[in-house]
Amino acid sequence: MEGRIIIEMKEIRKRFYVGTPNELEVLKGIDLTVREGEFVAIVGASGSGKSTLMNIIGSLDRPTSGSYILDGVNMTAAKDMELSRIRNRKIGFVFQTYNLIPKTNSLKNVEMPMLYAGMPNKKRIQRAKELLELVGMGDRMKHLPEELSGGQKQRVAIARAMANNPAIILADEPTGALDSVTGRMVMDLFHELHKKQGKTIVLITHSPELAEETQRVITIKDGCILGERRGTAI
């Protein structure tokens with residue numbers, strides 16, 4: 001059974017250097033719908049526009065024109081302060097470079113989004129511990145990022161992405177900096193979150209093999225959606 005619509009984008013365009021001779025249109029009228037509980041991949045070569053699209057989905061950037069509704073909120077009309085609150089509550093980010101806070105242990109890193117959301121201390125620590133256990137990092141709670149391998153850092157980052165029980169997890173090349181064995185472990189973790197927790201996951205990747213593992217593969221080229229097909233995930 002299909003869930004309700006979480007992401008609804010219509011005619012999304014993004015231009016840079018607007019009004020100058022160098023004006024560049026990177027996204028050329030993107031229409032995208034993602035339903036609750038879907039595992040979707042957006043695949044494309046470098047320069048296809050997928051990173052720009054990810055920044056708009058994650059409200060790290062605004063479109064030049066078009067409409068974007070995320071979990072019932074009109075993102076194109078939202079003020080900056082509201083966007084920052086929505087990013088904290090509704091979107092869990094997982095980046096290729098992990099983006100963990102260097103001198104802060106795993107537990108505190110996972111607590112951070114909950115701290116910004118105003119969750120009480122005791123509840124925050126309890127949830128952070130549960131999430132680290134969930135991703136198999138229960139024995140590394142007190143370790144700093146520099147004491148962790150790439151795969152361990154990414155698992156902490158995934159736990160942090162889940163902190164505020166977001167509407168979507170947005171994963172940008174999450175296995176890009178990892179060797180194939182560790183990358184496999186991280187992908188398995190996403191599959192587990194999707195199947196067991198019912199998480200909505202949008203995976204941005206240049207790898208057709210990884211994209212194929214999701215339920216729906218959307219191919220982007222030159223700022224346009226070329227087409228979509230079913231992946232192998234159930």
Side-chain angles (χ1 to χ4, degrees), residues 34 37-46 50-51 53-55 57-58 60 87 91-102 104-113 127-220 231-234:
V34 177
E38 267 197 297
F39 191 174
V40 177
I42 296 171
V43 68
S46 187
K50 65 182 189 302
S51 294
L53 180 58
M54 189 218 77
N55 286 339
I57 293 172
L60 298 167
R87 270 197 305 273
I91 305 163
F93 291 96
V94 181
F95 297 98
Q96 179 175 343
T97 50
Y98 325 120
N99 286 21
L100 297 176
I101 300 158
T104 307
N105 68 30
S106 302
L107 189 68
K108 297 276 184 215
N109 262 291
V110 177
E111 275 183 63
M112 201 60 70
R127 176 149 176 83
K129 283 180 176 173
E130 284 168 6
L131 287 168
L132 284 167
E133 292 286 355
L134 181 75
V135 299
M137 290 294 289
D139 59 342
R140 296 280 192 277
M141 288 185 194
K142 300 294 183 189
H143 286 58
L144 297 174
E146 65 192 32
E147 299 169 317
L148 301 174
S149 69
Q152 289 172 332
K153 285 180 201 171
Q154 198 57 297
R155 283 191 277 167
V156 172
I158 291 167
R160 181 185 58 187
M162 300 268 290
N164 288 326
N165 196 21
I168 61 163
I169 291 177
L170 195 52
D172 183 23
E173 301 282 6
T175 63
L178 306 174
D179 63 69
S180 57
V181 174
T182 315
R184 176 71 268 149
M185 283 164 60
V186 167
M187 276 307 284
D188 287 345
L189 185 52
F190 281 122
H191 285 298
E192 204 170 304
L193 293 176
H194 173 241
K195 281 181 185 156
K196 291 187 181 168
Q197 307 262 329
K199 281 286 160 205
T200 309
I201 302 172
V202 178
L203 171 74
I204 315 284
T205 182
H206 66 273
S207 161
E209 294 80 22
L210 285 187
E212 200 57 45
E213 291 187 24
T214 65
Q215 291 174 310
R216 189 156 58 101
V217 183
I218 295 160
T219 305
I220 184 170
T232 56
I234 298 161

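All residue numbers in this chain count up from 1 along the given sequence.
Put simply, the side chain of H143 does not reach to within 4.5 Å of the side chain of N105, judged on heavy atoms. Residues P102 and E146 form no side-chain contact, since every pair of their non-hydrogen atoms from C-beta on lies 4.5 Å or further apart. Counting heavy atoms from C-beta outward, T175 and M187 have side chains that approach closer than 4.5 Å. A heavy-atom distance below 4.5 Å is found between the side chains of T205 and S207. The shortest side-chain heavy-atom distance between I42 and V202 falls under the 4.5 Å cut-off. Residues L189 and L134 have side chains not in contact (no heavy-atom distance under 4.5 Å, counting atoms from C-beta outward). Two residues are said to be in side-chain contact when any heavy atoms from C-beta on lie closer than 4.5 Å; L203 and E173 fail this criterion. Looking at heavy atoms from C-beta onward, T200 lies out of side-chain contact with I169 at the 4.5 angstrom threshold.
Q215 places a side-chain N or O within donor-acceptor distance of the main-chain N or O of F39, the cut-off being under 3.5 Å. Judged by distance alone, the side chain of H194 and the main-chain N or O of G37 form a donor-acceptor pair under 3.5 Å. The backbone N or O of M162 lies less than 3.5 Å from no partner atom in the side chain of K199, so there is not a single donor-acceptor pair. When atom types are taken as modelled, the side chain of T214 and the backbone of V40 share no donor-acceptor pair closer than 3.5 angstrom. The main-chain N or O of A163 is found under 3.5 Å from a side-chain atom of R127 such that the two form a donor-acceptor pair. In this structure a side-chain-to-backbone donor-acceptor pair under 3.5 Å is present from T232 to E212. Under a 3.5 Å cut-off, the side chain of D179 and the backbone N or O of V181 do form a donor-acceptor pair.
Looking only at atom types and distance, the side chain of K153 has no donor-acceptor partner in the side chain of N109 under 3.5 Å away.
The NZ atom of K50 sits 7.5 Å away from atom NE2 of H206, with the distance rounded to the nearest 0.5 Å. Separating the CG atom in L131 from the CG atom in L107 is a distance of 10.0 Å, to the nearest 0.5 Å. Summarising the geometry, atom CE belonging to M137 is positioned 6.0 Å from atom CZ belonging to R140; distances are rounded to the nearest 0.5 Å.
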Stepwise, does the side-chain contact (heavy atoms from CB on, under 4.5 Å) test hold for K108 with M141? CA-CA 8 Å; K108 297 276 184 215; M141 288 185 194; over 6 Å; no
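Of the residues listed (V135, L144, V156), the one engaging S106 in a side chain to side chain contact (heavy atoms under 4.5 Å, CB included) is V156, and it is the only one.
When all heavy atoms are compared, the tightest approach of A211 to V43 is CB-CB, 4.0 Å. Closest of all the heavy-atom pairs between F190 and I158 is CZ-CD1, 3.8 Å.
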Show me, pair by pair, the donor-acceptor contacts under 3.5 angstrom made by side chains of residues 91-100, not counting sequence neighbours?
residue, atom, partner, partner atom, Å
T97, OG1, N99, OD1, 2.9

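Under 4.0 Å is where a charged nitrogen must lie from a carboxylate oxygen, and between R184 and E213 at least one such pair does.
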